[in-house]
Amino acid sequence: MWLADGWKDYEVIDTSGGEKLERWGDYILVRPDPQVIWDTPRRVPQWKKANAHYHRSSRGGGQWEFFDLPEQWELSYKDLIFHLKPFSFKHTGLFPEQAVNWDWTSGIIRRAGRPVKVLNLFAYTGGATVACAGAGAAVTHVDASKGMVTWAKENAAASGLADAPIRYLVDDCVKFVEREIRRGNTYDGIIMDPPSYGRGPKGEIWKIEEKIFPLIERCSRLLSKDPLFFLINSYTTGLQPAVLSYMLALAVGTTFGGNVQADEVGLPVSANGLVLPCGASGRWSRQE
């Protein structure tokens with residue numbers, strides 16, 4: 001498992017009864033987690049000291065219960081700074097487990113010794129974008145949500161990257177990739193974090209099991225002649241690490257060689273030393 005264990009401002013303190021107890025900087029949150037299928041005694045005192053608690057509804061969705069939480073606060077990871085705020089469906093605007101992938105892509109970019117262009121698809125609030133830009137890459141950030149793209153710009157500015165070569169686009173990722181192919185544009189690294197399920201701008205249904213491999217194949221056509229990496233993240237239990245590995249080997253490895261790896265991604269749990277699984281990632285790289 002790839003473990004995001006480099007955090008100082010964030011930790012999973014404990015897990016029990018379908019929920020995780022987290023520290024986000026100075027604030028304690030309780031949020032649901034589908035992986036927490038065990039119910040153990042809640043002996044950790046912070047369970048009773050939460051600043052906010054997201055309650056899932058039996059009818060779907062849920063709502064926040066706030067005790068003492070600001071509308072927005074900051075969290076740092078190494079040299080990066082992120083703006084956080086609670087919003088719909090339990091999220092805060094950051095997936096801390098992805099730090100293990102930020103470190104991986106940043107390391108490749110820094111070691112490249114040349115200009116690097118990165119495409120970040122389904123880029124959300126820009127965790128991977130600011131990590132790659134902070135390492136010196138020129139990044140194209142694409143997300144269908146205008147609000148998420150605005151948030152990503154705020155994170156870049158907070159990290160001292162307001163003037164970095166980041167191109168922000170509010171666009172349908174699949175349609176953007178198709179246009180880039182026609183334009184003949186290429187990238188040295190590609191990152192994608194596709195949703196499990198969604199709808200396009202005209203109501204098109206996106207189901208990751210049906211759409212992900214054709215998209216990977218299209219994106220492989222956007223890789224430069226000397227590409228560095230290709231990263232896929234998945235929170236869908238049906239896409240096991242071996243499936244991600246197989247798709248990358250077919251779509252990228254057969255053309256460019258290199259190395260394919262895939263594994264679960266996880267966060268350490270402070271109370272017991274165990275690891276909370278948080279999805280999976282597939283990685284292709286030229287040399288690693």
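Predicted model only: the values in this text are computed from it and were never measured.
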> When the aromatic ring centroids of F95 and Y124 are compared, is their separation below 6.0 Å?
Replying inline: yes
> What pair of heavy atoms forms the shortest contact from V170 to S145, and how long is it?
Replying inline: CG1-C, 4.2 Å
> Between A133 and A164, which heavy-atom pair has the shortest distance, and what is it?
Replying inline: CB-CB, 4.3 Å
>> Determine whether V118 and I191 satisfy the following criterion, side chain to side chain contact (heavy atoms under 4.5 Å, CB included), listing intermediate values before the conclusion.
In response: CA-CA 8 Å; V118 174; I191 299 167; 4.1 Å; yes
> Is it true that L248 and V100 fall in one hydrophobic cluster, defined by side-chain heavy atoms closer than 4.5 Å?
Replying inline: no
> Would you call V142 and F122 a side-chain contact if the rule is heavy atoms closer than 4.5 Å?
Replying inline: no
>> Looking at every non-hydrogen atom in both residues, tell me the closest pair between P277 and Q35 and how far apart they are.
In response: O-CG, 3.5 Å
> Rounded to the nearest 0.5 Å, how far does OG1 of T140 lie from NZ of K117?
Replying inline: 6.5 Å
>> Minimum heavy-atom separation for L267 and C278, please, with both atom names.
In response: CD1-SG, 3.8 Å
> Measuring from Q98:CD to D193:CG, what's the distance to the nearest 0.5 Å?
Replying inline: 5.5 Å
>> Treating N51 as the side-chain partner and I28 as the backbone partner, does any N or O pair qualify as donor plus acceptor under 3.5 Å?
In response: yes
> What about L121 and L169, same hydrophobic cluster or not, with Ile/Leu/Val/Met/Phe/Trp/Tyr joined at side-chain heavy-atom distances under 4.5 Å?
Replying inline: yes
>> Within the structure provided, determine whether L119 and L222 are in side-chain contact (heavy-atom separation under 4.5 Å).
In response: yes
> For K175 and E178, what are the C-alpha separation, side-chain angles and deciding distance, and is it a salt bridge (Lys or Arg N to Asp or Glu O under 4.0 Å)?
Replying inline: CA-CA 5 Å; K175 289 182 171 56; E178 291 170 347; over 6 Å; no
> Hey, mind stepping through L215 and V174 against side chain to side chain contact (heavy atoms under 4.5 Å, CB included) and telling me if it holds?
Replying inline: CA-CA 7 Å; L215 179 58; V174 175; 4.3 Å; yes
> Do L75 and W102 share a hydrophobic cluster (ILVMFWY, side-chain heavy atoms under 4.5 Å, transitive)?
Replying inline: yes
> Same cluster or not: are L80 and V139 linked, directly or through other Ile, Leu, Val, Met, Phe, Trp or Tyr residues, by side-chain heavy atoms under 4.5 angstrom apart?
Replying inline: no
>> How close do A262 and P241 get, counting heavy atoms only, and between which atoms?
In response: CB-O, 3.0 Å
> Is the count of non-hydrogen atoms from other residues, nucleotides or ligands lying under 6.0 Å from N185 atom CG greater than 12?
Replying inline: yes
> CG of D14 to OG of S16: how many Å apart, nearest 0.5 Å?
Replying inline: 6.5 Å
> Should D188 and P227 count as side-chain neighbours, where that means a heavy-atom distance under 4.5 Å?
Replying inline: no
>> With heavy-atom distances below 4.5 Å as the criterion, would you say the side chains of V252 and L223 are in contact?
In response: yes
> Are F176 and I216 connected in the hydrophobic side-chain network, where two residues link if heavy atoms are under 4.5 Å apart?
Replying inline: yes
> Can you check side chain to side chain contact (heavy atoms under 4.5 Å, CB included) on L21 and R42, steps first, answer last?
Replying inline: CA-CA 10 Å; L21 177 69; R42 298 188 174 191; over 6 Å; no
> Are there more than 12 heavy atoms of other residues, nucleotides or ligands under 6.0 Å from atom NZ of K49?
Replying inline: no
> For the atom pair CD1 (I190) and CD1 (I232), what is the distance rounded to the nearest 0.5 Å?
Replying inline: 10.0 Å
> Would you call R31 and E65 a salt bridge, using N to O less than 4.0 angstrom?
Replying inline: no
>> Please report the interatomic distance CG(L94) to NZ(K85), rounded to the nearest 0.5 Å.
In response: 13.0 Å
>> Under the rule for side chain to side chain contact (heavy atoms under 4.5 Å, CB included), what residues qualify as partners of K78, not counting sequence neighbours?
In response: D103
> How many angstroms lie between OH in Y246 and CG in L239, if you round to the nearest 0.5 Å?
Replying inline: 15.0 Å
>> Can you confirm whether W38 sits close enough to V36 that some side-chain heavy atom of one is under 4.5 Å from a side-chain heavy atom of the other?
In response: yes
> Under 6.0 Å from the CZ atom of R221, do we count more than 12 heavy atoms belonging to anything else shown?
Replying inline: no
>> For a 4.5 angstrom cut-off between non-hydrogen side-chain atoms, does Q261 reach W2?
In response: yes
> How would you list, by chain and number, every residue that makes a side chain to side chain contact (heavy atoms under 4.5 Å, CB included) with A156, sequence neighbours excluded?
Replying inline: V130, L161, I166, Y168
> Is there a donor-acceptor pair under 3.5 Å between the side chain of S281 and the backbone N or O of N233?
Replying inline: no
>> Is a donor from one side chain sitting under 3.5 angstrom from an acceptor on the other, for N259 and R283?
In response: no
>> Give me the atom names and distance for the closest heavy-atom approach of H141 to A152.
In response: CE1-CB, 3.4 Å
> Do I109 and C132 have side-chain heavy atoms sitting under 4.5 Å apart?
Replying inline: yes
>> side chain to side chain contact (heavy atoms under 4.5 Å, CB included) for S285 and I108? Distances and angles first, verdict last.
In response: CA-CA 9 Å; S285 62; I108 292 175; 4.3 Å; yes
>> For the residue pair D9 / W24, report whether a side-chain donor-acceptor contact shorter than 3.5 Å exists.
In response: no
> Do F230 and W104 have their ring centres less than 6.0 Å from each other?
Replying inline: no
> Are the charged groups of R114 and D226 less than 4.0 angstrom apart, N to O?
Replying inline: yes
>> For the aromatic rings, using the six-membered ring if either is Trp, is the centroid distance between Y77 and W7 under 6.0 Å?
In response: yes
> Quick one: side chain to side chain contact (heavy atoms under 4.5 Å, CB included) partners of L274, sequence neighbours excluded?
Replying inline: N272
> According to the side chain to side chain donor-acceptor pair (under 3.5 Å) rule, which pairs have a member within residues 151-163, sequence neighbours left out?
Replying inline: none
> Does the side-chain hydrogen bond (donor to acceptor under 3.5 Å, both in side chains) test come out yes or no for S245 and W284, once each step is laid out?
Replying inline: CA-CA 8 Å; S245 177; W284 173 88; over 6 Å; no
>> Does any part of the side chain of I212, heavy atoms only, come nearer than 4.5 Å to the side chain of M192, both counted from C-beta?
In response: yes
> Does CZ in F256 sit with more than 12 non-hydrogen atoms of other residues, nucleotides or ligands closer than 6.0 Å?
Replying inline: yes
> Can you name the side-chain hydrogen bond (donor to acceptor under 3.5 Å, both in side chains) partners of W73, sequence neighbours left out?
Replying inline: none
> Among all residues two or more places apart in sequence or in another chain, which pass the side chain to side chain contact (heavy atoms under 4.5 Å, CB included) test with F89?
Replying inline: Y54, R56, H91
> Counting distance only, does the side-chain N/O of D33 pair as donor-acceptor with the main-chain N or O of E19 below 3.5 Å?
Replying inline: no
